[in-house]
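Here the structure is laid out as structure tokens; the discussion comes afterwards.
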Amino acid sequence: MSKISANTLNDPQTQAVQAIEGPVLIIAGAGSGKTRVITFRIAHMLEKGIPQSAILALTFTNKAAKEMETRVKHLTRRKLQNLTVSTFHSFGLNIIRNEAELLGYRKNFSIYDETDKITLIKESLRECRMNFHKVDLFELSQQFSKIKTGLAQWSNDSSGMQAVYDEYQHALKIYNAVDFDDLLTMPLELLEKHGEMAQKYRQKYRYIMVDEFQDTSLIQYRLMKILTDGSCANVCVVGDDDQSIYSWRGANYENILLFEKDFPGRLEIKLEQNYRSTTTILDAANKVISHNTGRKVKKLWSGKGGGKPIELFYPENETDEANFIASRIKNLIIMEDCKYHDFGALTRTNSLARNIEEAFLAENIPYRVSGGTSFFQRKEIKDIISYMRLIANQNDDVSLLRIINTPRRGIGKTTIASLNEMARKNRISVWDSISRMNFERSRGQQGLFGDQRTMTELEEFTAFIESFRTLMLEKQSEQGKPWKLSSCARTLVDNIDYWGYLVSEHGKDEKKARWKFSNIEYFIRMIENWESDPDNYDSGLYPWLNRISLITRDDGEDDNEGKVNLSTIHAAKGLEFPVVFIAGAEKGLIPHERSASGEENENDNEAGNIEEERRLFYVAITRAREKLIITSCKKRRHMQNTADCSPSPFLEEIPKELIRYHEKESEEIDEDTADKFMEQLKSIIKK
DNA sequence: GGGTAAGCAGTTTTT
DNA sequence: CTGCTTACCC
């Protein structure tokens with residue numbers, strides 16, 4: 001890869017790489033070598049003598065950031081200690097960390113993910129004497145996000161939710177915690193309020209790049225803009241309006257228009273040559289996306305030519321579908337010499353991956369799921385993380401309440417309810433109310449609880465957390481051994497006897513307990529790996545917590561080798577595979593029913609939602625290099641009952657002549673295949 | 001006051 | 001099927 005020299009770039013690509021000064025807008029169609037252009041551009045800057053510390057590259061996902069960094073590293077063969085390549089969120093986190101006091105936070109603040117957020121919203125509803133069964137928590141959480149990021153305002157009939165929001169915000173402050181939205185809004189507020197601080201950042205980052213620009217939200221745009229120095233700043237944004245698929249998260253591809261307005265002197269470059277897909281696949285993609293309105297004009301073309309027809313299959317049900325995919329993979333491996341990592345199986349939702357997973361397991365097909373319930377969301381992991389969080393930040397009530405009785409230590413709901421009551425009344429955290437209680441008792445006052453045992457349990461609990469606070473934060477090496485977070489964590493797990501807890505919880509199911517415990521061991525090994533990473537110069541408790549708060553997927557090592565990639569379409573963005581399966585191309589899934597019927601979305605009209613779904617389908621198609629295989633079930637089991645399905649309306653937008661229909665229920669192995677298979681088998685046996 | 005068993009509702013995509 | 005809440009029992 002590092003062998004590629006600049007003259008392998010085409011004209012617009014070269015232009016994009018060389019245009020370092022001034023604002024640049026790059027419209028990069030799918031598969032047009034966008035990542036390469038960005039990496040070369042950064043490498044070019046470094047060659048010109050621009051210091052690493054002056055460059056800021058903002059991406060959308062951790063995966064993209066990591067990928068970009070390694071690519072630049074390979075290309076330049078330099079150490080990149082001072083180059084900032086990060087997601088908007090972790091960039092924001094850094095600013096907050098540096099300026100915590102200004103925001104009224106202590107620097108050990110916790111970061112609440114979506115689950116923590118929902119828990120806290122529940123608490124807030126309870127505090128406002130509202131029944132959370134009548135409220136869609138998920139929806140309310142999104143509403144809060146919209147309010148916080150300025151995408152929505154309270155209307156008069158907000159049915160008391162404004163009070164809940166205020167309560168929620170207040171609680172965050174007391175707990176010394178921030179949510180994901182705060183990671184963007186707080187830095188923006190800071191920089192807007194403190195001109196000299198903004199100036200400081202502007203002087204530092206003189207060259208800014210934004211990847212996946214179509215997926216930036218208004219807040220992110222404003223954050224980028226305040227970091228740039230006027231309309232002739234050295235800022236380069238790269239995006240493709242046709243691949244904007246995150247509007248539900250506040251992304252707005254019209255930011256491209258904003259950019260054009262704010263930087264009138266920009267250089268605009270279009271990358272339209274597709275290096276990825278065959279003409280067949282590209283034709284299909286182009287036809288589909290042409291049904292959208294208000295696109296930027298662009299004509300993607302491919303020099304690859306021809307290609308095999310797109311395969312379309314209508315399985316009876318989801319089991320059939322999964323078996324078909326599995327057998328098709330086996331077949332292609334034998335017939336066309338494909339490797340497992342040549343395949344990507346894409347679904348609209350995470351849950352759809354389940355069936356396919358089962359088929360892969362049954363057929364012994366190695367696979368890797370990206371997406372799905374994140375490793376860090378698993379209960380056993382969240383429990384341990386909650387301990388660590390509470391140790392770092394004792395006011396973190398969400399974490400405290402999660403683990404105060406896990407494993408069981410005889411602190412029940414009545415106790416917790418009274419603690420909560422006391423905390424709310426005094427506007428302090430639960431931890432502080434326990435301390436206050438202890439204090440009052442020590443002065444001979446009547447405690448809240450008559451029960452001496454409960455008091456003792458509470459005292460033991462706080463003493464336990466305190467002892468680990470000392471252990472984990474004061475980095476003394478014990479007996480000459482270097483201090484290590486991982487070994488502290490191991491001690492923690494031992495001391496709370498989490499293993500005993502797992503066994504008692506899963507009485508009959510020891511396998512499950514074992515599996516969960518192995519997850520914890522894996523978690524600790526992750527800490528170890530991180531500690532021994534030479535690029536990591538601060539391996540303390542806070543940095544670790546900050547780090548994992550921003551990672552959702554376990555994008556550990558790149559051991560994709562020899563594995564089929566099973567993922568959602570969203571998670572597949574930026575990836576490419578020789579062979580792509582799109583499973584569940586059915587009405588109601590693609591486009592998804594919840595976006596098709598634009599109920600509560602006042603802002604975006606229905607067409608906008610349909611168009612986004614079409615873009616999603618477009619993204620899925622354009623992941624494929626050689627072969628595209630689409631399946632659409634006739635029937636599908638949804639929750640308990642099976643329902644009839646019809647094909648996705650988008651399928652009709654693919655020209656018929658590009659499609660080949662599968663008749664048979666599953667690809668039967670013909671004699672040729674069987675022979676070849678036997679040959680392979682023999683050669684394997686010989687080894 | 002705390003733990004357990006039956007009963008019930010249910011996830012679009014991600015930082 | 002699963003995970004979570006509630007109601008009930010110790």
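For the numbers below, each heavy atom of this structure counts, side chains included, while hydrogens, waters and symmetry mates do not. Every chain is numbered from 1, with letters handed out A, B, ... down the list of sequences.
Evaluation of the ring pair (Phe, Tyr, Trp, His ring centres under 6.0 Å) rule for Phe60(A) yields Tyr246(A) as partners, not counting sequence neighbours. Scanning for ring pair (Phe, Tyr, Trp, His ring centres under 6.0 Å) contacts around Phe577(A) gives an empty result, with sequence neighbours left out. In this structure Ser145(A) satisfies the side chain to side chain contact (heavy atoms under 4.5 Å, CB included) test together with Lys117(A), Asp181(A), sequence neighbours excluded. Tyr105(A) is linked by a ring pair (Phe, Tyr, Trp, His ring centres under 6.0 Å) to nothing, counting only residues two or more places apart in sequence or in another chain. Residues satisfying the ring pair (Phe, Tyr, Trp, His ring centres under 6.0 Å) test with Tyr618(A), not counting sequence neighbours, are none.
When only modelled atom types and interatomic distance are considered, Glu380(A) and Tyr498(A) share no side-chain donor-acceptor pair under 3.5 Å.
Summarising the geometry, the separation between CZ on Phe60(A) and P on dT13(B) is reported as 15 Å, rounded to the nearest angstrom. Summarising the geometry, the separation between CD on Gln142(A) and C1' on dT13(B) is reported as 10 Å, rounded to the nearest angstrom. When rounded to the nearest whole Å, the span between CZ of Arg623(A) and P of dT13(B) equals 19 Å. Atom CD in Glu358(A) sits about 11 Å away from atom C1' in dC1(C), given to the nearest Å. One interatomic measurement links the two molecules: CD of Gln214(A) to P of dT13(B), which rounds to 20 Å at whole-angstrom precision. Note: NZ (Lys382(A)) to P (dG3(C)) measures 16 Å, nearest angstrom. Per the geometry, CD1 belonging to Ile548(A) stands 19 Å off P belonging to dT14(B), to the nearest Å. Here the C1' atom of nucleotide dT12(B) and the CD1 atom of Ile582(A) are 16 Å apart, to the nearest Å.
Proximity note for His592(A) (side chain, C-beta onward) versus dT4(B), dT14(B), dT12(B): the nearest is dT12(B).
Between Thr415(A) and the phosphate of dG2(B), there is a side-chain N or O to OP1/OP2 separation shorter than 4.0 Å. Remark: Thr414(A) is in phosphate contact with dG2(B), judged by side-chain N or O atoms under 4.0 Å from OP1 or OP2. Residue Asn350(A) places at least one side-chain N or O closer than 4.0 Å to OP1 or OP2 of dT13(B). Under 4.0 angstrom from either OP1 or OP2 of dT12(B) there lies no side-chain N or O belonging to Thr568(A).
The aromatic ring of Trp248(A) sits over the base of dT13(B), with ring centres less than 5.5 Å apart and planes inclined by under 30°.
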Exercise for review: Apply side-chain contact (heavy atoms from CB on, under 4.5 Å) to Tyr542(A) and Arg97(A), showing your working.
Suggested key: CA-CA 10 Å; Tyr542(A) 299 160; Arg97(A) 203 190 288 140; over 6 Å; no

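Position along DNA chain B of the nearest nucleotide to Phe138(A) versus His89(A) favours Phe138(A) as the more 5'-ward residue. The residue among Arg354(A) and Lys122(A) whose nearest nucleotide of DNA chain C is located toward the 5' end is Arg354(A).
Within 4.0 Å of Phe88(A), counting heavy atoms only, lies no atom of the nucleic acid at all. At a threshold of 4.0 angstrom between heavy atoms, the contacts of Asn405(A) are confined to the sugar-phosphate backbone, with no base atom among them.
Taking the charged nitrogens against the carboxylate oxygens, Arg402(A) and Asp116(A) have no contact shorter than 4.0 Å, which rules out a salt bridge.
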Show me the protein contacts with nucleotides 6-10 of chain C, counting only N or O atoms at under 3.5 Å.
{"unit_1": "dT6(C)", "atom_1": "OP1", "unit_2": "His133(A)", "atom_2": "NE2", "d": "3.1"}

